[in-house]
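Heads up, the thing below is written out as structure tokens.
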Amino acid sequence: MKSSNKFKFVGKRQIAVFAASALLPLSSIAASQPPADPDTEQAQRGAYLARAGNCMGCHTTRGGKPYAGGRVLKTPFGEFVSPNITPDNETGIGRWGEEDFWQALHYGKGRDGSYLYPVFPYTEYTKVTRQDADAIFAYLRSLSPIAQSNPPHKISAPYDNQFLLFLWRTWYFKEGVYEPDGSQSDEWNRGNYLVQGLGHCNACHTPRNVWGASQDDKLAGGEIMGTYWYAPSLISPREAGMGEWSVDEIAKLLSTGVTDHAVTSGPMATIVRQSLQYLSKEDMRAMAVYLQSLGEKRGEEAPKKTSPMPERVSKYLALGKPVYEKHCQECHGKSGEGVPGIYPPLAGNRNVTMTSSHNTIRSVLYGGFPPVTAGNPRPYGMPPFQHIIRDNEIAWVVSYIRNTWGNLGSLVSPEEVDASRGNEF
Amino acid sequence: MKFIIFILLWIASGLANAQELAPSRISDTLEQRVKPCTICHGDEDRAGRDAYYPRIAGKPAGYLFNQLRNFRDGRRYYQAMAILLENLSDEYLLEIAHYFSSLKYPYPEPAAIALSPEETQAVETLIHSGDPDRDIPACSACHGQALTGTKPFIPSLLGLPHAYLAAQFGGWRNGGVMRGQTPDCMSEIAKKMTQEEVNALAMWLPTQPVTGEPAEAEKLAPELAQRCHTILSGEGFTQ
């Protein structure tokens, strides 16, 4: 309590304006920049890189004008509104120069020098090269300016304090362009650059501490802020680690959204639609090579202790069987085997058995389609069951699939089902 | 001998084919692909019987296409639809719209809801003449003489449950169906009606038998076409 009071005098009014500092052009000297030509090689490369970094994912609202911002990101620290990054002089980045953009992307500083909130993933973008940053900027400059002012952030006290942000940066922000590892192949290094830098996979696939900071570069999985989804570990063989997958299969999942054994869902499906499906074959392969290298192998596991199931547990699981047979079996099969490339298997499915049951519960509640991609233009979908069966039936059936056909997972309660309901939009 | 070998080969090749074409449990059809839709909106046996989910079978394709995009893009707000459609393309949504539009499921029996003669009279006037003094057009001017909609963008008013109609009218009167659409003609019209008229309409419409297809596209009165132009535009819509 004391410490937060101490910080307050430093500047409660210095409400950081994030990259939206362009909303109030502070330096009146800066003239508007001439529009850039979208046909230059640099702008076209920038367009590709902006896809790879999925700038649009945050800087566009649902159904809104591309790159005009306005999307609200809910975090425990407040609600952040993404700024307009089209080259509009008054509401966008029309008055920005290359150096301003570099300051934001690489150092996490706004055009007026204020510290940006790490909801903008400069903690990852700092690894992006100057050349790539300039290309992205050239592309953004080539867009048609859109006059759209977005509402200000609603940051909860005491986080609306630049000094706290300064401390946060001192602790958690490591500035620096990606440095290739000489002991690894060019392909691996390219993949690392894309995954850890531009692709900012860390933003979701890493546990965050109470200050919202990613723990390190390890993609060990974490709850996704402001959503009700869990981004699984990309290391652990019990979650989404891909150490035992082929490079081709990893690339297929990330570029088409489905493979014979796996399907992307929730926020990951959206990332495939918005970003990953547009990566070149070479870049996708490079990412796959790097991701494969991250994954730990299962190795020799100690045989599972199969103590007899307490009667209470087997009775609870038995409740899920008729629900499964009535609602799930038609598509996922009698033995949870699924249909290759259409409906994912549930037997041995790590998304089903991993510690967090969030994703499975959400899939049952809300259903969904894998993303439409060139490789999967007419996907089959999963129905939403939120209005069809009750929470306790969902708890029974999720517990059942987590513990049948050799699967082993904790039981799920109706309270957990209820806690997974929530509005992302 | 040759004959026997031929027969054996024939049987073998038949078996091989059977292996190749072993029918998947899952059919390669749009019907199978859109199971997430029909779990609520019904299949042939249940079409239109659920109180909250409107019938979509047989509605004009342009209308369905626009609504699918409105849900996906957040203009028409319903969380379940927004999540479901999040990652689908315009092309796929168009195909889905045409599919549901082409379905000829039987309609439910008309509902038995009693209205007073005065209420019936008031409703029938609104349907066929509107109220020029209050700038309320006749329902039939857009939704067709038979109220079965007008191709390709205007929906049928029949075969829908009372609860759904009442909820839609409530949404329009409170500006809550479509976000940021101007003009929003159904919202404007619904606000000009009295609560009694709205209630009576939502009760009367489900009592009407459905007599056929949506009307063929025809030119709306210029005044209405202007007033409702946001509904009548379907960028990317093809027959």
Open item on the list: Closer than 3.5 angstrom, by distance alone: can the side chain of A:Arg62 be matched with the main-chain N or O of B:Arg72 as a donor-acceptor pair?
Closed with: yes

- [ ] Report yes if some heavy atom in the side chain of A:Pro377 is under 4.5 Å from a heavy atom in the side chain of B:Tyr92; otherwise report no.
- [x] no

Task: Interchain contact, B:Glu91 with chain A, by part (heavy-atom threshold 4.5 Å) - done: neither

Open item on the list: Tell me whether B:Glu31 at atom CD has more than 12 heavy atoms from other residues, nucleotides or ligands lying less than 6.0 Å away.
Closed with: no

TODO: Check whether any side-chain heavy atom of A:Pro384 sits under 4.5 Å from a side-chain heavy atom of B:Ile39, and report yes or no.
DONE: yes

TODO: Decide whether a cation-pi geometry holds between B:Arg33 and A:Tyr380; the criteria are a distance under 6.0 Å from NZ or CZ to the six-membered ring centre and an angle within 45° of the ring axis.
DONE: yes

Open item on the list: Is any side-chain heavy atom of A:Pro379 closer than 4.5 Å to one of B:Asn87?
Closed with: no

Open item on the list: Does any backbone or side-chain atom of A:Pro370 lie under 4.5 Å from a heavy atom of chain B? Answer side chain, backbone, both or neither.
Closed with: backbone

Open item on the list: Atom NZ of residue position B:Lys191 - does it have more than 12 heavy atoms of other residues, nucleotides or ligands inside 6.0 Å?
Closed with: yes

TODO: Heavy-atom pairs under 4.5 Å with chain B are the metric here; pick the option from A:Gln274, A:Gln386, A:His387 that has the most.
DONE: A:His387

TODO: Using the side chain to side chain contact (heavy atoms under 4.5 Å, CB included) rule, take B:Ser89 and A:Arg273 through it: C-alpha gap first, then chi angles, then the decisive distance, then the call.
DONE: CA-CA 9 Å; B:Ser89 65; A:Arg273 167 176 63 85; over 6 Å; no

Task: Which portion of B:Arg69 sits near chain A, non-hydrogen atoms under 4.5 angstrom - done: neither

Open item on the list: Under a 4.5 Å cutoff for heavy-atom pairs, which residue among B:Ile96, B:Asn70, B:Asp73 has the most contacts with chain A?
Closed with: B:Asp73

Open item on the list: Around atom CD of B:Gln195, are there more than 12 heavy atoms from other residues, nucleotides or ligands closer than 6.0 Å?
Closed with: yes

TODO: Of all the heavy-atom pairs spanning B:Gln32 and A:Cys331, show the shortest one and how long it is.
DONE: NE2-SG, 3.9 Å

TODO: Determine whether more than 12 heavy atoms belonging to other residues, nucleotides or ligands lie under 6.0 Å from atom NZ of A:Lys326.
DONE: no

Open item on the list: Side chains of B:Cys40 and A:Ile388, heavy atoms from C-beta outward: is any pair under 4.5 Å?
Closed with: yes

Task: pair B:Leu84-A:Tyr366: side-chain heavy atoms closer than 4.5 Å - done: no

Task: Close side-chain approach of B:Glu86 to A:Pro371, heavy-atom, < 4.5 Å - done: no

TODO: Could you check if a side-chain atom of B:Ile83 sits within less than 4.5 angstrom of a side-chain atom of A:Arg362, using non-hydrogen atoms only?
DONE: yes

Task: B:Asp28 versus chain A, the contacting section by heavy-atom distance below 4.5 Å - done: both

